[in-house]
Amino acid sequence: MSGTPERNEFSVVASESGPRPPDGLEASRNDFPLEIRDSSRLNFLIEVVRSLPTAVTVQDEQGNFVFVNAAAVAQFNVPARDIVGTVSGAPLPSKELNDRINLARGVLQSGGSRISEEYIRTDHATKIFLTTHEPVVISNRKLVLSSSVDISRQKAVEEELFRCVYYDELTGLPTRRVIEQHANSLIREGEHSVRFAVAFLDIDNFKHINDYYGHASGDGLLIEVARRLDLGLRATDMLSRISGDEFLLLLNPVQSDAELAEYIEFLLQRLKAPFFIDGSELFASASIGVSIYPDHGDTYEVLRQNADTAMYQIKNDTKGGAAIFDSGMQHEALTRMKIEQSLRLAILDKRFCCAFQPKVDIRTEQIKGIEALVRLRNDDGIIQAPGTFVDLAIELGLIDELTHLVLAEIMRSIDLIDDAFGTDVSISINVAAKQAGNVVFMTSFARALEKTGCATRFIVEVTEDAFVAKTRFQTEILPVLRRLGVKISIDDFGIGYSSLSALADITADEIKIDRSFIVDIHKRPRSQGILKAIESLGDALGMAVIAEGVEKFEELAYLQAATRIKYAQGFYFSEPVFLENIEPGKPAVSKRGTSSDSRSVQENRSVYSRANGYSR
């Protein structure tokens, strides 16, 4: 035989009957290398290759298959005779095999090896193989030797890890990393004329939803919010969930500010429609802050921060609205940052003090107890009311340490307290709503109260939602406080989330009626009716009733004449006082109230929402 050997002289088929030498082997032994001219050695090598767990194939210069082992047959799920035994140039029975033919030709033309991932479909699944294609020369013939390893499981793990890193498990939305990369690519690839918006969205009062309906319902709400936000988005837009109840929306392109504002308003209204979660009808709203590229920043991080700033601005003003960033907001953000830094340093340096406001028997004018109200001394020694820092301390997670500092300050001053107010007065200390359901904090706080040696003098003031919400305060924390002899006060009663069914189970010692029901009570018949109802409720449940925020003589006169309420607290009797300002021998309570014709300037004092449980 002369010339180039025919294709079948190199064809080796791995079949169930085992390896067979190439056709015409005895007549063309000189066409094989010296090492494999011996037939037994050839059979041995073929058996080894055939049995390899790695799929091995050999292709000639035309890309035709001249050898496949058993693993390769299993890989392509095609009988060996249909791979090797086909006529040169004839199509093979699968797309993947035909792709191999073109790939082999390319490898031989380039003369370099190639590594590829091959996706091969079977009846039940798609498997992924990592295949190395190596050009070789055997007996002066150019061939392509390919070996494949099944990496399907590895790819599945990689895919799962990828989804964990880049996609939110609950909503299936991209994470903050994905939207950041997308925004950066728009900035890198686009020209300055390209405009897109970054909208920072935060669900309002999401904690209350978790508290009242449970975390499963909260998760269900997040899923439905994501679906509503995703409706109608363009292919060029992107929605991401970046943390618990926060979403980020990239809107690209933005044609005009008016169009953007109209769309954001549409989103706000869409979110206000009721959600039906696990048989419950839930209502939600969101606060949205928006920044625009390049108007409000030339990097993603600046755009995100400015959108965040705008969102907090609207959340502080009126929740459930939207705002587009402006430079004035940046100034406010810088001011807030300074307050935050000052607060952290103040806690580190323990620059807090307490003022005390008496609770007074409105008929005998005897002091029943005092409420400790935290104050901050700034770097200049100026006293700041809690409205400037308590909400921020809660937001930053510093409120627990601050509460312990207040208790420590009370105990350092206990002798002065006894001298000024008497040894039998109770001492009220506020606990924020967020703290009340925190078993770890409340356990440590209970231990601290016990260590004072006078735990029975303390009253812990919490807002009513600590009882109504689905927290562990009622079931786990309250019994611990009871064992210590600590009393419980429901603060700001009437403005929270009152539930008669929940109140029936409450074992508090006193109810403090919010000031909003006391202001001009002598002129407001509806408030008078509510006041009598709360008074009756207190009697029925065995709880003392205290009127907060009494500031005028007319208010006190009405309480004395028309109600059975025994105790009150407010500027009429005394503003919060510092112990060092109380002169020996003088009463701690001195009437400061006025008539409605001459209202005290103190009525216009700085106040803030006490939803988190802290006083004036």
Side-chain angles (χ1 to χ4, degrees), residues 115-117 119 126 128 130 151-152 154-203 206 219 222-257 259-261 263-264 266-267 271 286-312 322-325 329-330 333 337:
I115 299 176
S116 64
E117 287 185 2
Y119 290 74
T126 297
I128 307 171
L130 184 65
I151 59 169
S152 302
Q154 175 185 335
K155 295 295 289 186
V157 172
E158 290 178 359
E159 178 67 20
E160 182 63 27
L161 291 174
F162 178 85
R163 291 202 62 82
C164 289
V165 172
Y166 292 102
Y167 288 87
D168 174 50
E169 182 179 2
L170 180 65
T171 63
L173 294 176
T175 61
R176 66 169 69 222
R177 184 177 300 182
V178 178
I179 203 167
E180 177 180 358
Q181 291 174 351
H182 183 52
N184 285 331
S185 67
L186 288 176
I187 294 171
R188 285 193 306 268
E189 298 168 8
E191 297 179 357
H192 213 59
S193 58
V194 175
R195 299 181 82 228
F196 65 86
V198 173
F200 197 108
L201 182 147
D202 182 88
I203 300 175
F206 184 70
D219 288 347
L222 291 174
I223 293 171
E224 291 304 316
V225 166
R227 288 176 180 170
R228 289 193 187 181
L229 293 174
D230 196 46
L231 284 175
L233 288 183
R234 300 166 296 185
T236 53
D237 299 331
M238 179 177 287
L239 174 65
S240 170
R241 181 183 176 217
I242 60 174
S243 67
D245 60 345
E246 294 178 335
F247 296 83
L248 204 61
L249 185 59
L250 191 151
L251 300 170
N252 174 51
V254 170
Q255 302 297 340
S256 68
D257 291 359
E259 177 190 56
L260 175 62
Y263 180 72
I264 295 297
F266 168 73
L267 286 183
L271 292 176
S287 300
I288 303 178
V290 184
S291 63
I292 303 172
Y293 172 83
D295 306 26
H296 305 135
D298 55 5
T299 68
Y300 165 79
E301 188 57 30
V302 171
L303 291 168
R304 187 200 61 76
Q305 288 177 355
N306 289 340
D308 188 27
T309 297
M311 186 275 294
Y312 273 105
I324 296 179
F325 176 80
M329 294 178 183
Q330 189 172 26
M337 185 179 298

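For the numbers below, each heavy atom of this structure counts, side chains included, while hydrogens, waters and symmetry mates do not. None of the values given here were measured: they were computed from a predicted structure.
- Counting heavy atoms from C-beta outward, Tyr300 and Ile179 have side chains that approach closer than 4.5 Å.
- For Tyr166, the ring pair (Phe, Tyr, Trp, His ring centres under 6.0 Å) partners two or more places apart in sequence, or in a different chain, are Phe162.
- Note on Arg177 versus Glu180: no salt bridge recorded, every NZ/NE/NH1/NH2 to OD/OE distance being 4.0 Å or above.
- Scanning both residues, Ile324 and His296, for their nearest heavy atoms gives CG2-CE1, 3.7 Å.
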>> Between Lys155 and Glu158, does the salt bridge (Lys or Arg N to Asp or Glu O under 4.0 Å) criterion hold? Intermediate values first, please.
In response: CA-CA 5 Å; Lys155 295 295 289 186; Glu158 290 178 359; 3.5 Å; yes

>> Run the side-chain contact (heavy atoms from CB on, under 4.5 Å) test on Asp298 and Ile187 for me, step by step, so that the C-alpha distance in whole Å, both residues' side-chain angles and the decisive distance to 0.1 Å come before the verdict.
In response: CA-CA 8 Å; Asp298 55 5; Ile187 294 171; 5.9 Å; no

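- Annotation: side-chain hydrogen bond (donor to acceptor under 3.5 Å, both in side chains) contacts of Asp237 (sequence neighbours excluded): Arg234.
- Here the side chains of Asp245 and Val225 are not in contact, with every heavy-atom distance at 4.5 Å or above.
- Here the side chain of Ser240 pairs a donor or acceptor atom with the backbone of Thr175 at under 3.5 angstrom.
- To the nearest 0.5 angstrom, Gln305 atom CD is 7.5 Å from Thr299 atom OG1.
- Smallest separation of non-hydrogen atoms from Gly244 and Arg241: O-NH2, 2.9 Å.
- Side-chain atoms of Arg195 and Asp295, non-hydrogen and from C-beta on, do get closer than 4.5 Å to each other.
- Between Leu130 atom CG and Ile115 atom CD1 the span is 6.5 Å, to the nearest 0.5 Å.
- Annotation for Ser152 and Ile128: closest pair OG-N, 2.8 Å, computed over non-hydrogen atoms.
- The CE atom of Met238 sits 11.0 Å away from atom CG of Asp230, with the distance rounded to the nearest 0.5 Å.
- In this structure, Leu249 and Leu267 have side chains that are in contact, with non-hydrogen atoms separated by less than 4.5 Å.
- For the atom pair Arg304 CZ and Phe200 CZ, the distance stands at 6.5 Å (nearest 0.5 Å).
- Atom CD of Glu189 sits about 10.5 Å away from atom CG of Asn184, to the nearest 0.5 Å.
- Under the 4.5 Å side-chain criterion, counting only non-hydrogen atoms from C-beta, Ser185 is in contact with Arg188.
- The minimum heavy-atom distance between Ala310 and Gly289, with the atom names listed, is CB-CA, 3.7 Å.
- Atoms CG and CG, from Leu250 and Leu186 in turn, are 6.0 Å apart once rounded to the nearest 0.5 Å.
- Counting heavy atoms from C-beta on, the side chains of Arg176 and Leu248 never come closer than 4.5 Å.
- Side-chain contact between Tyr167 and Pro174 is present, with at least one heavy-atom pair separated by less than 4.5 Å.
- Of the residues Asp202, Ile242, Asp168, Leu222, the one that meets the side-chain contact (heavy atoms from CB on, under 4.5 Å) test with Phe247 is Leu222.
- Nearest heavy-atom pair, Leu303 versus Gly297, reported as atom, atom and distance to 0.1 Å: CD2-O, 3.6 Å.
- Annotation: side chain of Leu271 is in contact with side chain of Leu201 (closest heavy-atom distance under 4.5 Å).
- Contact detail for Leu229 and Leu233: the closest heavy-atom pair is O-CG, 3.5 Å.
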> Between Val254 and Tyr293, is a side-chain contact (heavy atoms from CB on, under 4.5 Å) present by the stated rule, with each step listed?
Replying inline: CA-CA 9 Å; Val254 170; Tyr293 172 83; over 6 Å; no

